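Worksheet: the structure to be examined is printed underneath.
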2 protein chains.
Amino acid sequence: MTAPAERDKRVPLDRRARRRAETIAEILDRAVVIMSDDGVAGLTMSGLARAMSIQPPSLYKYFPSVNAVHDALYRRGQEENLAVLRAGMACAEPGLPRLRSGLTALGRWAVANPVLAQLLFWRPVPGFRPSPDAFAAADEVVELLRGGLRDAVAAGQLGPAAASERGLTLLSALHFGVLSQHLANDPGGDWETGTYTSLHPTVLELFEAAFRAGASRD
Amino acid sequence: MTAPAERDKRVPLDRRARRRAETIAEILDRAVVIMSDDGVAGLTMSGLARAMSIQPPSLYKYFPSVNAVHDALYRRGQEENLAVLRAGMACAEPGLPRLRSGLTALGRWAVANPVLAQLLFWRPVPGFRPSPDAFAAADEVVELLRGGLRDAVAAGQLGPAAASERGLTLLSALHFGVLSQHLANDPGGDWETGTYTSLHPTVLELFEAAFRAGASRD
DNA sequence: GTCTATAGGACGATAGAC
DNA sequence: GTCTATCGTCCTATAGAC
């Protein structure tokens, strides 16, 4: 009944919406390239418009401010990071193997996406604070890792202290230590052969040794 | 004979030189405050002049560009860092205690001087590359740590592999992992009680355990 | 060494025509 | 949604008087 009228109006709207989403995605892609060239804090609306071959005012039809671009990138990063962790954990058995697989996937993603990784984990843009909404995925990442530690403890592969806040903190310091040194001193290196990233398995072993079931370390 | 003439000219020159050095030191102090408030990349000549209550052109009598200010800060940071490491190592016995003491001193300094630490170890200022001259002290820091590892191996406190490049790389990843997480997520915390920094002794123990004399780890 | 004045440019963001 | 034009602000750096 109302189908023709609806189609007449809605199909063009959908096409426009899709085209708009594509443009937004392209803007974010170019923003990452700029931040890769000029530093994570080097993104500007002017430069972004230049890279898109449009005029600055046109950009404001998609993002109300440069901060909004940062926030959209932050959200994209958190969501990719979460998806990568899920995928990494899904393809290994519960317990220690799953935890290792997840952390390795996170490390590989960070090395392959240094700009987003820095934006997410080191806050290098003065004045930018992610919106609570964009931050949401980060909580889930932590929850997944916490669960991984609990499973490894339940399986008897790690001592109970590994599932404490201290265990999680130590694990993050070890994991991000490798990544931080890689990004600062060996950004061109790849995951397998990088000066620092090649130590990631070793670092995980150190964590496991510290919290091996029966170990006395608190 | 020429003494009076020399004194008439040289004494005022020394006073001026000393006053100039004091002014330069004050400029650098204020620059650190600005970078602490506005982010490490937030230093500008205009803002620096405002903070000094002088006009921008006057600043150029002391530093030819904003980059020169960054470089002077970088040099100051490297030299302080080296001095702190020397002092830390000097007040402990050779071998493992000296290595621990040196690394702890470095960690304390970084936590107390987050701006300089970020400038030295994470290069957060787009476009700034330290001059080779300003970088010089960094080599000496590495040499001291290398020597500390060698001594600990010679004393039988660590296995020979600890003194390898891989050992040094692992040690730096562990040390800077704690610092990196601290600066990003707990910058207000102090060394003893900080969420991450309180784990510094633990990560040193992990390193020692990995390379304990007789351990099979490569 | 200090200042005033200024050149010359980049940036964020908006108004309003089309 | 695109553009031209523009405002206001901030910046680096220099010229030249005192």
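Since this is a predicted model, take the numbers as computed values, not measurements. Every chain is numbered from 1, with letters handed out A, B, ... down the list of sequences.
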Is [X] touching bases, backbone alone, or none of the nucleic acid, heavy atoms closer than 4.0 Å?
X	answer
Thr44(A)	sugar-phosphate
Pro56(B)	nothing
Tyr62(A)	sugar-phosphate
Arg20(A)	sugar-phosphate

Q. Are His200(A) and His175(A) close enough, and set up right, to give a ring pair (Phe, Tyr, Trp, His ring centres under 6.0 Å), and what steps lead you there?
A. CA-CA 7 Å; His200(A) 194 261; His175(A) 173 76; 5.0 Å; yes
Find the distance [X]:[atom1] to [N]:[atom2] and express it as a whole number of Å.
X	N	atom1	atom2	result
Leu43(A)	dG12(C)	CG	C1'	12 Å
Glu26(B)	dG1(C)	CD	C1'	15 Å
Lys61(B)	dT14(D)	NZ	P	11 Å
Gln55(A)	dG12(C)	CD	C1'	15 Å
Leu59(B)	dT12(D)	CG	P	10 Å
Asn67(B)	dC11(D)	CG	P	17 Å
Met52(B)	dT2(C)	CE	P	8 Å
Tyr60(A)	dT6(D)	OH	C1'	14 Å

Q: Find which nucleotide of DNA chain C each of Thr23(B) and Met45(A) is nearest to by heavy atoms, and output the residue with the more 5' nucleotide.
A: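 Closest to the 5' end, via its nearest nucleotide, is Thr23(B).
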With a 4.0 Å limit, can you tell me whether [X] has a side-chain N or O closer than that to the phosphate oxygens OP1/OP2 of [N]?
X	N	value
Ser58(B)	dG1(C)	no
Ser65(A)	dG12(C)	no
Arg50(A)	dC11(C)	yes

(Q) Going by salt bridge (charged side-chain N to carboxylate O under 4.0 Å, His left out), name the residues that satisfy it together with Glu140(A), two or more places apart in sequence or in a different chain. (A)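 Salt bridge (charged side-chain N to carboxylate O under 4.0 Å, His left out) check on Glu140(A) returns Arg86(A).
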Q. Who pairs with Glu165(B) by salt bridge (charged side-chain N to carboxylate O under 4.0 Å, His left out), at least two apart in sequence or on another chain?
A.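 Scan of Glu165(B) (salt bridge (charged side-chain N to carboxylate O under 4.0 Å, His left out), adjacent residues dropped) gives Arg146(B).
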Q. Does any donor atom in the side chain of Arg166(A) or Thr202(B) lie under 3.5 Å from an acceptor atom in the other side chain?
A.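 Short answer, yes.
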Q. Do you see a donor-acceptor pair shorter than 3.5 Å between the side chains of Gln181(B) and Ser172(A)?
A.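 Yes.
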Q: Check the angle between the aromatic planes of Phe135(A) and Tyr74(A) and answer parallel, tilted or perpendicular using the 30° and 60° thresholds.
A: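 Rings of Phe135(A) and Tyr74(A): parallel, under 30°.
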Q | Minimum-distance nucleotide to Pro57(A) side chain [options: dC11(C), dA13(D), dT4(D)] | A |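 Nucleotide nearest to Pro57(A)'s side chain: dT4(D).
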Q | End-to-end axis angle, where each axis spans five pairs of the helix from dG1(C)-dC18(D) to dC18(C)-dG1(D), to 10° | A |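 The value is 10°.
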Q. Should we count CZ of Arg20(A) as having more than 12 external heavy atoms under 6.0 Å?
A.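 Atom CZ in Arg20(A) is packed in, count exceeds 12.
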